Amino acid sequence: MQHDFVYIRDLASHDGQIVTLKGWLYNKRSSKGLHFLILRDGTGLAQCVITEQEVGTVSWAAAEDATQESSLVLKGLVRKDDRQIGGYELVVHEAVLMQRAEGYPITPKDHGIEFLMDQRHLWLRSQRPWATMRLRNNIIMSIHHYFQEQGFIQMDAPIFTGNAVEGTSTLFEVDYFDEKAYLTQSGQLYGEAMAMALGKIYTFGPTFRAEKSKTRRHLTEFWMIEPEMAFYDLAMNMDMAEGLLRRILRDARTNCGTELDILGRDVALLEKADAPFPRIHYSDAVDLLKSNKSMEMLDGELEAAFDEEKNLRSELAEIKKNYGSAKKWEKKKFDAREIEINQLLEDCAERQRNLPKWKASAIAFEWGNDLGGSDETVLTKHFDTPIMVHRYPAAVKAFYMKRDPEDDRLALGVDVLAPEGYGEIIGGGERATDLQFLLDQIRAHGLPESAFSWYLDLRRFGSVPHSGFGLGLERTICWVGGLKHVREAIPFARLMSRLSP
RNA sequence: UCCUCGGUAGCUCAAUGGCAGAGCAUGCGGCUGUUAACCGCAGGGUUGUAGGUUCGAGUCCUACCCGGGGAGCCA
């Protein structure tokens with residue numbers, strides 16, 4: 001493709017040349033007869049210097065008038081400058097203002113999450129979303145490469161379904177030509193049919209849950225990757241899941257250095273996570289959860305939260321004491337630090353509330369329960385890598401799970417829990433193969449047998465051992481990128497309280 | 001649905017029950033190498049809504065509305 005302009009990303013290869021950049025004004029700093037235009041073009045940021053003496057009146061007026069997010073065409077000389085982020089700047093010879101933006105709402109200053117989510121269509125232009133979307137793209141490509149290189153076939157499950165898969169989640173109901181239909185909560189059962197036809201397949205598509213969950217880990221619409229493999233048992237399934245995650249980690253570290261830097265991600269933690277994942281039997285997980293080691297860890301963190309609060313409060317008192325005699329620029333610093341301290345104090349208070357609850361939950365935990373969110377967090381705090389907890393009590397898992405031949409109370413399921421409190425990013429397991437067992441399970445779960453007749457055909461005609469899992473894309477992006485909320489990991493998040501933009 | 005925290009200028013936040021403020025953004029002025037540039041001036045408010053207590057309410061009480069993150073459920 002021939003362009004009459006170059007991208008900021010490619011400036012290094014145009015050192016000393018006259019080029020044209022097209023983009024939007026990200027920020028502007030000015031002095032007399034001089035503007036520093038920070039241009040954004042989707043590939044990166046570049047500082048473009050324009051001097052009144054060296055350009056015509058039309059170009060100078062364009063630079064004078066340009067406001068934040070105005071669209072611009074800038075022609076000039078590419079010059080190496082080590083002070084710049086990209087290492088290069090543009091000495092502008094000619095500037096054209098395509099459109100003058102007025103009142104761009106996102107100023108170069110802190111904003112609250114609600115305001116930013118209302119402006120998501122514009123917020124995507126900012127640095128953090130820019131880095132996040134590029135990381136998302138990289139992770140998506142890692143997933144495709146990983147599966148394609150092993151001969152998997154990508155095929156998608158339907159989005160409209162006639163019945164609930166597991167009978168537990170709340171689904172979105174839609175009118176389907178006067179019939180009830182639901183938006184899919186999982187392509188799992190269809191994936192099994194496709195695996196019986198093509199061997200190894202994976203789906204990659206949207207999934208919908210109508211749960212009223214207001215947390216940093218939940219979306220009502222999210223993207224899920226669900227591989228399904230014929231002739232794979234639980235151990236092979238776990239190998240596949242671990243291989244996928246470690247591939248994602250490796251590719252992100254190789255390809256997304258700039259993005260992870262913008263996101264402020266501690267890359268050393270990602271490096272540590274790229275090591276063999278411990279595989280923990282449910283019973284061992286219960287023991288670890290209730291161990292002295294866990295209790296000491298929780299006590300230690302609670303103590304740390306109180307210590308931190310004490311230090312923050314004395315710093316705050318110190319600031320208030322010195323505020324009156326401070327110079328103006330010092331007061332600005334004090335104000336900023338005070339806001340920061342207030343936020344940290346809220347974090348401390350939350351930990352002080354949560355940690356005793358987590359401890360109580362761990363103490364009260366009994367073999368046979370499902371692991372709750374806090375229990376998972378406690379377990380993962382013991383490790384630097386994701387952990388794979390396998391063989392859960394069958395009672396808390398879906399009807400299609402195969403039972404453990406060594407302990408009929410257990411199902412051959414596995415959850416992969418990411419470190420640093422990110423929690424469950426994969427759920428999966430080995431599927432039941434016996435027709436009569438599945439019929440019994442469907443009845444025991446109170447599910448309509450008729451809806452599963454096609455699924456049961458998979459056991460009537462050449463039933464084989466098979467396994468698979470579901471990977472939550474946004475949760476994975478959060479973990480790799482060190483994000484706080486899944487809503488940052490998708491361009492336009494759909495939440496209980498948000499359908500727009 | 002429950003628990004918990006919050007709602008003050010366009011944005012981020014201050015304000016012992018006692019004159020509603022700062023920074024950023026915007027406008028104007030100054031400054032020829034700035035890195036969220038800086039300096040000066042100006043405009044900008046029904047303190048979420050409705051009641052109540054009080055000489056006096058942003059602040060205390062009651063109800064409601066909206067939002068944050070946590071439980072349940074899950075990826």
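Residue numbers start from 1 in every chain, and the chains themselves are labelled A, B, ... in the order their sequence lines are given, proteins ahead of strands. Since the structure is predicted, the reported quantities are computational estimates derived from the model, not experimental observations.
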Inset, instruction - Assign Arg128(A) to base, sugar-phosphate, or nothing according to its heavy-atom contacts below 4.0 angstrom with the strands shown. - result: nothing
Legend entry - Distance, P atom - from U47(B) to G58(B), rounded to whole angstrom: 7 Å
Inset, instruction - Write down the distance between CG (Leu219(A)) and P (G68(B)), rounded to a whole number of angstrom. - result: 12 Å
N/O to N/O distances under 3.5 Å, protein versus nucleotides 3-6 of chain B:
none

Inset, instruction - Name all pairs fulfilling the salt bridge (Lys or Arg N to Asp or Glu O under 4.0 Å) condition that reach into residues 481-501 of chain A, sequence neighbours left out, sorted by first residue then second. - result: Asp118(A)-Arg498(A), Arg128(A)-Glu488(A)
Inset, instruction - Tell me what Glu52(A) touches on the nucleic acid: a base, only sugar-phosphate, or nothing, going by heavy atoms under 4.0 Å. - result: nothing
Legend entry - N/O (side chain, Arg216(A)) to phosphate O (OP1/OP2, G70(B)) under 4.0 Å: yes
Legend entry - Donor/acceptor link under 3.5 angstrom from Ser213(A) side chain onto base of G72(B): yes
Inset, instruction - Classify the nucleic acid contact of Glu474(A) as base, sugar-phosphate or nothing, counting any heavy atom under 4.0 Å across all strands shown. - result: nothing
Inset, instruction - Please evaluate the base of U32(B) for a donor-acceptor partner in the side chain of Glu54(A) within a cut-off of under 3.5 Å? - result: no
Legend entry - Lys80(A), NZ atom: more than 12 neighbouring heavy atoms under 6.0 Å: yes
Inset, instruction - Using a heavy-atom cut-off of under 4.0 Å over every strand shown, decide if Glu89(A) touches base, sugar-phosphate, or nothing. - result: base
Inset, instruction - Output all residues satisfying side chain to side chain contact (heavy atoms under 4.5 Å, CB included) with Met401(A), sequence neighbours left out; order by chain, then residue number. - result: Lys397(A), Ala411(A)
Inset, instruction - Starting at atom CG of Asp118(A), determine the distance to atom C1' of G67(B), rounded to an integer number of angstrom. - result: 10 Å
Legend entry - P atoms of G43(B) and U1(B), separation to the nearest Å: 47 Å
Inset, instruction - Please tell me which of the listed nucleotides, C73(B), G69(B), G33(B), lies nearest to the side chain of Val49(A)? - result: G33(B)
Legend entry - Sequence-distant partners of Ser71(A), side chain to side chain contact (heavy atoms under 4.5 Å, CB included), two or more places apart: Trp24(A), Met98(A), Gln99(A)
Legend entry - Of all pairs that satisfy salt bridge (Lys or Arg N to Asp or Glu O under 4.0 Å), the ones with a partner from residues 51-68 of chain A, not counting sequence neighbours: none
Inset, instruction - If a pair satisfies salt bridge (Lys or Arg N to Asp or Glu O under 4.0 Å) and one of its residues is in residues 359-368 of chain A, list it, with sequence neighbours excluded. - result: Asp299(A)-Lys359(A)
Inset, instruction - Report the distance from atom CE of Met117(A) to atom C1' of G69(B), rounded to the nearest whole Å. - result: 15 Å
Inset, instruction - With heavy atoms under 4.0 Å as the rule, sort Ile106(A) into base, sugar-phosphate or nothing. - result: nothing
Inset, instruction - Applying side chain to side chain contact (heavy atoms under 4.5 Å, CB included) between Arg265(A) and each of Leu135(A), Val480(A), Leu260(A), report the one that passes. - result: Leu260(A)
Inset, instruction - Scan Arg487(A) against the nucleic acid and name what it touches under 4.0 Å (heavy atoms): base, sugar-phosphate only, or nothing. - result: sugar-phosphate
Inset, instruction - May I ask you to say what Gly33(A) touches in the nucleic acid, namely base, sugar-phosphate or nothing, with a heavy-atom cut-off under 4.0 Å? - result: nothing
Legend entry - Atom-to-atom span, CZ of Arg351(A) to C1' of G69(B) - whole angstrom: 15 Å
Inset, instruction - Quick one: label Asp81(A) by what it contacts on the DNA or RNA (base, sugar-phosphate, nothing), any heavy atom closer than 4.0 Å. - result: base
Legend entry - Neighbour count >12 (heavy atoms, 6.0 Å) for atom NZ, Lys75(A): no
Legend entry - Polar contact flag, side-chain donor to acceptor under 3.5 angstrom, Gln127(A)-Arg40(A): no
Inset, instruction - State which residues pass salt bridge (charged side-chain N to carboxylate O under 4.0 Å, His left out) with Arg216(A); sequence neighbours excluded, sorted by chain then number. - result: none
Legend entry - Sequence neighbours excluded, every pair satisfying side-chain hydrogen bond (donor to acceptor under 3.5 Å, both in side chains) that has a member inside residues 472-483 of chain A: Arg136(A)-Glu474(A)
Inset, instruction - May I have the distance from Lys397(A) (atom NZ) to C73(B) (atom C1'), rounded to whole angstrom? - result: 12 Å
Legend entry - Among G70(B), A75(B), U32(B), the nucleotide that comes nearest once only the side chain of Glu424(A) is considered: A75(B)
Inset, instruction - Taking atom P in both U49(B) and C66(B), compute the distance separating them and give it to the nearest angstrom. - result: 15 Å
Inset, instruction - Measure the acute angle between the ring planes of His144(A) and Phe204(A), then classify it against the limits of 30° and 60° as parallel, tilted or perpendicular. - result: parallel
Legend entry - Stacking check Phe36(A) vs A37(B) (5.5 Å / 30 deg): no
Inset, instruction - Could you measure between the two C1' atoms, the one in U16(B) and the one in G48(B), and give it in whole Å? - result: 25 Å
Inset, instruction - Could you tell me how the ring of Tyr202(A) sits relative to the ring of Phe152(A): parallel (under 30°), tilted (30 to 60°) or perpendicular (over 60°)? - result: perpendicular
Inset, instruction - Just call it for His35(A): base, sugar-phosphate, or nothing, with non-hydrogen atoms closer than 4.0 Å on any strand. - result: nothing
Inset, instruction - Pick the C1' atom in G23(B) and in A14(B), then give their distance to the nearest Å. - result: 11 Å
Legend entry - Reading 5' to 3' through nucleotides 25-31 of chain B, protein heavy-atom contacts under 4.0 Å coded B for base, S for sugar-phosphate only, - for none: S-S---B
Legend entry - Test side chain to side chain contact (heavy atoms under 4.5 Å, CB included) applied to Ser30(A) - qualifying residues, sequence neighbours left out: Lys28(A), His35(A)
Inset, instruction - Answer yes or no: side-chain N or O of Arg217(A) and base N or O of G72(B) forming a donor-acceptor pair under 3.5 Å. - result: no
Legend entry - Integer angstrom distance from the P of U59(B) to that of A50(B): 13 Å
Legend entry - RNA chain B: 5'-proximal contact among Leu371(A) and Leu495(A) (nearest heavy atom): Leu495(A)
Legend entry - Lys212(A), nearest nucleotide to its side chain (from C74(B), U1(B), G33(B)): U1(B)
Inset, instruction - With the side chain of Ser497(A) defined as its heavy atoms from C-beta on, choose the nearest nucleotide among U12(B), A37(B), G67(B). - result: G67(B)
Legend entry - Nearest-Å distance once atom P is located in both C38(B) and C3(B): 46 Å
Legend entry - Rounded distance (Å) that lies between atom P of C74(B) and atom CG of Leu417(A): 14 Å
Inset, instruction - Using the C1' atom on both, measure C2(B) against A22(B) and round to a whole Å. - result: 39 Å
Legend entry - Separation of atom CD in Glu376(A) from atom C1' in C73(B), rounded to whole Å: 12 Å
Inset, instruction - Under 4.0 Å between any heavy atoms, over every strand shown, what does Gln53(A) touch: base, sugar-phosphate, or nothing? Just pick one. - result: base
Legend entry - side chain to side chain contact (heavy atoms under 4.5 Å, CB included) against Val58(A), all qualifying residues, sequence neighbours excluded: none
Inset, instruction - Report the distance from atom CG of Asp370(A) to atom P of A75(B), rounded to the nearest whole Å. - result: 10 Å
Legend entry - Structure string for RNA chain B in dot-bracket form, Watson-Crick and G-U at under 3.5 Å, | interchain: (((((((..((((....[..)))).(((((.......))))).....(((((..]....))))))))))))....
Inset, instruction - Identify whether any heavy atom of Arg475(A) sits under 4.0 Å from a base atom; if not, whether one sits that close to sugar-phosphate; answer base, sugar-phosphate or nothing. - result: base
